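Remember, it's 1-based here, ligands and their atoms both numbered in the order they're listed. Side chains included, hydrogens not; waters and symmetry mates left out as well; all remaining heavy atoms used. All figures in this text were calculated on a predicted structure; none of them were measured in a lab.
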Amino acid sequence: MNQQLPQQFTKRLTTSSGIPIDNNQHVLTAGARGPILLQDTNFINKIQKFDRERIPERAAHAQGQGAHGYFEVTHDVTKYTKAKFLQNIGKRTPLFCRMSTTIGSRGSSDLLRDIRGFALKFYTEDGNYDLVGVNFPVFFFRDPMQAPDFFHAMKQHPVKNAFDPNTMFDFFSQVPESIHALTIMYTDRGTPVGYRHMHGYSANTFKWVNEQGQSFFVKYTLKTDQGIKNFSNQEALTTAGIQPYFSSLDLHESIQKGDFPSWKMFVQLIPEAEGELYKWDIYDVTKVWPHGEYPLIPVGRMVLNKTTQNYFAEVDQVAFNPANLVPGIEPSNDRLLQGRLFLYQDTQLHRLGPNHDQIPINCPFAVNNFQQDGLMNVLSNQQKTVTYDNNTTMEEKPKTDPTAAIKPFGLTGLTGRYSYPHSNDDFEQVRTFYKKVLTSQERDALIENICFSLGKCTPQIQQNMLKVFFMVDEDYGSRVQKGLSQSSISSMVGQFAKKVGLSSDKSQLIGESC
Ligand code: NDP
């Protein structure tokens, strides 16, 4: 609208209604020393807008950074999925990527030890496809009923308003399947050197369906072309003190310099019938599918080549939802995924309202339906003059597309609140990771990082946690036990405090945080 105005008008300072402002420094008062007049509507407009700047923050993944880019198909996967954006080698689809920490509130450092969000929104011809993953291949729990408890245990203590390692390890010790993600989080991959140097994983299991109706269970891996680079515990803590937003700035500035980060996308696929019989429960998000059994199949490449113009408009208002799946990609019975199909949309309705899909960063290429009205509807109800289906007056009604139907799947059994029905050993994969994947230096760092945090906990919580480490592996348990007894928290924190020049009374407080 304002582009049509003569230039002298567009340069004026105005209210949010576009009315020129005479003075932006002083309120309107009754006399030089008198009270403010209610008539000062410019002041009221300015303050009311300011008071409403904050929208509810995400309960998880509040602190993040985003960038625009594209996805390019590099390999033929048409025998596995009919998803249109994956049909031709060389095909490019625009996307938006948001990376984030999980636990910290908005404004917290993005260098703290955490699992990181790795969320992608592909703007496809079949609507927006959201792949809402993390930087680990597994998650901490597999039943969505536990989600609020997990986040309450990880986030600020209700009285101290500070992270409390006691609540965190208390939860982990009682949910032993968390040990896989916990172990990965306490390697140095829990403190990556910014978002460019980490991999992304779907973690959850989805289904791919091809044109012939054959279906495959699928997990995604995005491998960084920048290479994995991690901070040590001490480097992360020190850098977070100097530049708390290191990861956000690193991503933003590398793209601004023209150094575009990229990731190669791979999938692991299991034919549906085979997956149901697989040793590892394909619906259990605390398990991986070993590469020796299901190798990585290359699909394409993601490149981030454009920074955002405004953080709030794009990075904060982007609304991801794992239920945004395009034909050819379907949910599986992965229980955590099933819970996420509801909870993300619910969060976006709470944060951004019923028309959040109309915000430019979320807007798909085409929407055609009979939905209407609602808070912040800014698109004229799709210019429709008829607002109901089954009408006889529209010349061209939106047509349903039978090819978009999901593949029917069978259900068996009685309803009930089951613990994970096809429960696998929760420790074997962690044991393999600890003994065979980690190098001896990485194991040293793992033990040191765990002791640094667990060392701050009460003896009872340390004992509870030690039982879980011993369940994984004798060496793992005994090294943590030895680390805890050798490096009492006061000496560990004392050493750290000395290195960073903190006085001993202040170092007491470090011992109370994660
Ligand atoms: P592989 O030897 O084929 O793969 C090991 C994987 O571990 C690689 O993808 C490697 O990533 C990754 N890795 C190495 N260090 C870490 C770390 N500190 N944190 C997270 N991932 C790391 O082994 P398998 O597939 O047989 O799996 C063995 C174990 O490796 C699993 O039990 C699991 O704990 C872990 N793992 C398995 C993954 C999978 O999808 N199969 C994915 C990630 C971990 P990189 O490519 O950077 O070397």
- Item | Closest protein heavy atom (residue, atom, distance) for atom 33 (C) of ligand 1 | His180 NE2, 3.5 Å

- Message: Suppose I only count heavy atoms of Gln429 and a 4.0 Å limit; which atoms of ligand 1 are within that range?
- Response: 32 (O), 34 (O)

- Query: Taking the six-membered ring for Trp, are Tyr278 and Tyr294 parallel (under 30°), tilted (30 to 60°) or perpendicular (over 60°)?
  - Reply: perpendicular

- Task: Report the C-alpha distance between Glu428 and Trp280 in whole Å, list the side-chain angles of each, state the deciding distance to 0.1 Å, and finish with yes or no for side-chain contact (heavy atoms from CB on, under 4.5 Å).
- Result: CA-CA 11 Å; Glu428 184 181 326; Trp280 299 109; 3.8 Å; yes

- Task: Return yes or no for this condition: an N or O of Thr187 is under 3.5 Å from an N or O of ligand 1.
- Result: yes

- Message: Strictly less than 4.0 Å: does any protein heavy-atom distance to atom 30 (O) of ligand 1 fall in that range?
- Response: yes

- Message: Just to confirm my output: which protein heavy-atom neighbour is closest to atom 43 (C) of ligand 1, and how far is it?
- Response: Pro137 CG, 3.4 Å

- May I have all residue pairs that pass ring-ring contact (aromatic ring centres under 6.0 Å, His included) and include part of residues 466-486, sequence neighbours excluded? Tyr434-Tyr476, Phe469-Tyr476

- Would you mind listing which atoms of ligand 1 come within a distance below 4.0 Å of any non-hydrogen atom of Ile184? 19 (N), 20 (C)

- Message: Ring-plane angle category for Phe150 and Phe141, please: parallel below 30°, perpendicular beyond 60°, tilted otherwise.
- Response: tilted

- Any sub-3.5 Å donor-acceptor pair from Asp114's side-chain atoms to Ile103's backbone N or O? yes

- Task: Using distance alone, decide if ligand 1 has a nitrogen or oxygen within less than 3.5 Å of any nitrogen or oxygen in Thr432.
- Result: no

- Nearest non-hydrogen protein atom to atom 35 (C) of ligand 1, with distance, is Phe433 CD1, 3.7 Å

- Message: Check for me whether Tyr201 has a heavy atom closer than 4.0 Å to any atom of ligand 1.
- Response: yes

- Note on the structure: So for Arg189 against ligand 1, with non-hydrogen atoms under 4.0 Å, the contacting part is side chain

- Given the rule in the salt bridge (Lys or Arg N to Asp or Glu O under 4.0 Å) test, do Asp130 and Arg340 qualify, once you have shown the distances and angles that lead to the verdict? CA-CA 12 Å; Asp130 292 354; Arg340 295 176 78 213; over 6 Å; no

- Does NZ or CZ of Lys121 fall inside the cone over Phe320's six-membered ring, less than 6.0 Å from its centre and within 45° of the axis? yes

- So, Ser332 versus Lys207: side-chain donor-acceptor pair below 3.5 Å or not? no

- Item | ligand 1 versus Lys436: contacting region, heavy-atom distance under 4.0 Å | neither

- Task: Would you check if the side chain of Gln226 reaches a backbone N or O of Ser262 as a donor-acceptor pair within less than 3.5 Å?
- Result: yes

- Query: What residue and heavy atom of the protein are closest to atom 26 (O) of ligand 1, and at what distance?
  - Reply: Pro290 CB, 3.6 Å

- Task: Please say whether Lys223 places an N or O atom under 3.5 Å from an N or O atom belonging to ligand 1.
- Result: yes

- May I ask you to decide whether Arg92 forms a salt bridge with Glu72, counting only side-chain N to carboxylate O separations under 4.0 Å? yes

- Task: Quick one: look up the protein heavy atom nearest atom 6 (C) of ligand 1 and list residue, atom name and how far away it is.
- Result: His291 CE1, 4.1 Å

- Message: Side chains of Ser202 and Asn204 only: does a donor on one sit below 3.5 Å from an acceptor on the other?
- Response: no

- Looking at ligand 1, does Glu442 have a heavy atom less than 4.0 Å from it? no

- Indicate, as side chain, backbone, both or neither, the part of Gln268 found under 4.0 angstrom from ligand 1 when only non-hydrogen atoms are considered. side chain

- For atom 41 (N) of ligand 1, what is the nearest protein heavy atom, given as residue, atom name and distance? Trp289 O, 3.1 Å

- Proximal candidate to atom 36 (N) of ligand 1 [heavy atom criterion; set Thr183, Val288, Ile228]: Val288

- Item | Heavy-atom pair of closest approach, residues Gly194 and Phe246 | N-CE2, 4.0 Å

- His199 heavy atoms within 4.0 Å reach ligand 1 at atoms 45 (P), 46 (O), 47 (O)

- Task: Name the closest protein heavy atom to atom 2 (O) of ligand 1, giving the residue it belongs to and the distance to 0.1 Å.
- Result: Val437 CG2, 4.4 Å

